[in-house]
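In the text below, chain A, chain B and the rest are named by the order of the sequence lines, each starting its count at 1.
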Amino acid sequence: MGLCLTSGQVFRWSRNASDVWTGVDGPNWFRILQLEERLIVETNGQTSDLERFFQLHLSARDVIHSILSAGPELEPYLGFGRGLRVLRYADPVECLFTFLCSANNHVPRISAMVRHLATLGPPLEGLAEQRRFPGVERLAAVTEEELRSAGFGYRAASLPKVAALLRERGGDAYVWSLQDAEYEEARDELISLPSVGPKLADCIALFGLGFGESVPVDTHIWKAATRIYFPNYAGLSLTPQKYEEFATFFKKRFGANAGWAHQALFYEGLLNWRSR
DNA sequence: TACGGACCTTTC
DNA sequence: AAAGGTCCGT
């Protein structure tokens with residue numbers, strides 16, 4: 001539980017004093033207290049909203065078992081069984097713009113940028129201090145200057161550009177409709193957006209559209225991949241071709257669970273980092 | 001195709 | 001310097 005809210009999948013969650021987590025996802029806010037195996041939850045939403053967010057319909061035990069039988073080499077890195085999960089955004093538009101903020105960036109700043117965008121959205125039911133992430137229409141009305149002065153850097157130009165293009169394609173409904181496409185098609189649509197490359201497209205496909213076979217390869221995943229699978233590539237940069245090579249290999253190996261297996265590589269990175 | 005560098009800004 | 005990249009030059 002603790003890990004998955006700080007593992008770079010979502011950026012609107014924070015740990016309050018003690019073991020209480022609060023966060024916003026789509027139209028819902030949550031205040032969660034974890035006691036052993038039980039969650040005490042305060043929310044404006046339904047139980048099903050939280051179940052969806054944590055993808056509780058997927059049994060971590062089953063997924064881990066499946067990953068182990070396909071890739072026993074990941075056994076040392078499945079310690080995430082204690083709570084690291086692949087999360088699912090309620091709103092793919094929120095996911096898309098969140099990950100636009102994430103490119104070549106670090107977590108504290110990503111969170112600040114997402115927080116800024118969220119101030120532009122409609123109020124959340126029953127919670128005064130936070131707002132829902134805005135939709136395409138509102139985001140298309142944001143100016144570059146506004147985002148510049150809010151510290152968005154060069155993304156100040158790309159975000160409104162993407163919003164305008166999305167609006168041309170049908171706005172929120174277009175983004176939501178990508179959930180019903182095949183993974184490859186959805187990914188291609190996303191990559192056709194400026195500032196969205198393979199990595200962001202795969203993050204959006206995995207966390208926002210629910211494509212479990214998606215494998216986002218960032219610099220940390222790439223380093224883990226070279227340690228475990230491609231020692232010959234150690235130290236080499238992640239070119240588009242190597243990205244595809246590894247993603248294809250990993251998808252073939254783990255199928256619909258590739259996105260979860262990829263979390264094991266993230267965990268390997270954590271262990272590797274801690275051991276230094 | 002495959003590298004190098006630029007791009008905004010903050011943080012380690 | 002590096003940051004969970006992308007794009008545009010060689």
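Between A/L265 and A/Y77 the shortest side-chain heavy-atom distance does not fall below 4.5 Å. Between A/L50 and A/T43 there is no side-chain heavy-atom pair separated by less than 4.5 Å. Using a 4.5 Å heavy-atom threshold, the side chains of A/T47 and A/V41 count as separate.
A 6.0 Å sphere centred on CD of A/Q46 holds no more than 12 heavy atoms belonging to other residues, nucleotides or ligands. A/Q179 CD: more than 12 foreign heavy atoms inside a 6.0 Å radius.
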Worked check of salt bridge (charged side-chain N to carboxylate O under 4.0 Å, His left out) between A/R12 and A/D25: CA-CA 8 Å; A/R12 296 196 69 189; A/D25 176 51; over 6 Å; no
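Atom NE2 in A/H106 sits about 8 Å away from atom P in C/dG4, given to the nearest Å. In this entry the distance linking CD1 of A/I110 with P of C/dA2 reads 18 Å, nearest Å. Taking atom CG of residue A/L200 and atom C1' of nucleotide C/dC7, one finds them 12 Å apart after rounding to whole Å. Protein atom CD of A/E268 is 15 Å distant from nucleotide atom C1' of C/dG4, rounded to whole Å. Regarding A/F99, its CZ atom lies at a distance of 11 Å from the P atom of C/dG5, rounded to whole Å. Between A/D202 atom CG and C/dT6 atom C1' the separation is 14 Å, expressed in whole Å. The distance from atom CG of A/D218 to atom C1' of C/dT6 is 14 Å, rounded to the nearest whole Å. Atom CG in A/N104 sits about 9 Å away from atom C1' in C/dA2, given to the nearest Å.
Glycosidic conformation of B/dG5: anti, with the torsion beyond 90° of 0.
Residue A/V107 is classed as a base contact, given a heavy-atom separation below 4.0 Å to a base. Residue A/P194 is in sugar-phosphate contact alone, with no base atom involved, counting any heavy-atom pair closer than 4.0 Å across all strands shown. Residue contacts for A/R148: at a heavy-atom cut-off of 4.0 Å it reaches the sugar-phosphate backbone alone, with no base atom in range. No engagement by A/P216 is indicated, since no non-hydrogen atom pair under 4.0 Å with the nucleic acid exists.
Comparing A/G197 and A/K223 along DNA chain C, the residue whose closest nucleotide (by nearest heavy atom) sits nearer the 5' end is A/K223.
Remark: aromatic rings of A/Y233 and A/F246 are distant, center separation not under 6.0 Å.
Counting only Watson-Crick or G-U wobble pairs whose defining distances are both under 3.5 Å, the stems of 3 or more consecutive pairs in DNA chain B are B:2-7 with C:5-10, B:9-11 with C:1-3.
With hydrogens and angles left out, the side chain of A/Y154 and the base of C/dG5 share a donor-acceptor pair within 3.5 Å.
Using cut-offs of 30° and 60° on the angle between ring planes, the pair A/Y229 and A/F250 is perpendicular. Using cut-offs of 30° and 60° on the angle between ring planes, the pair A/F30 and A/W13 is parallel.
The footprint of chain A on DNA chain B, defined by a heavy-atom cutoff below 4.0 Å, extends from B/dT1 to B/dT11.
Put simply, A/F11 and A/L127 are part of two different groups of oily side chains (I, L, V, M, F, W, Y) that touch within less than 4.5 Å, one to the next.
Comparing the P positions of C/dG4 and B/dA2 gives a spacing of 26 Å, expressed to the nearest Å. Only the P atoms considered, B/dC8 is 15 Å distant from C/dG9, to the nearest whole Å.
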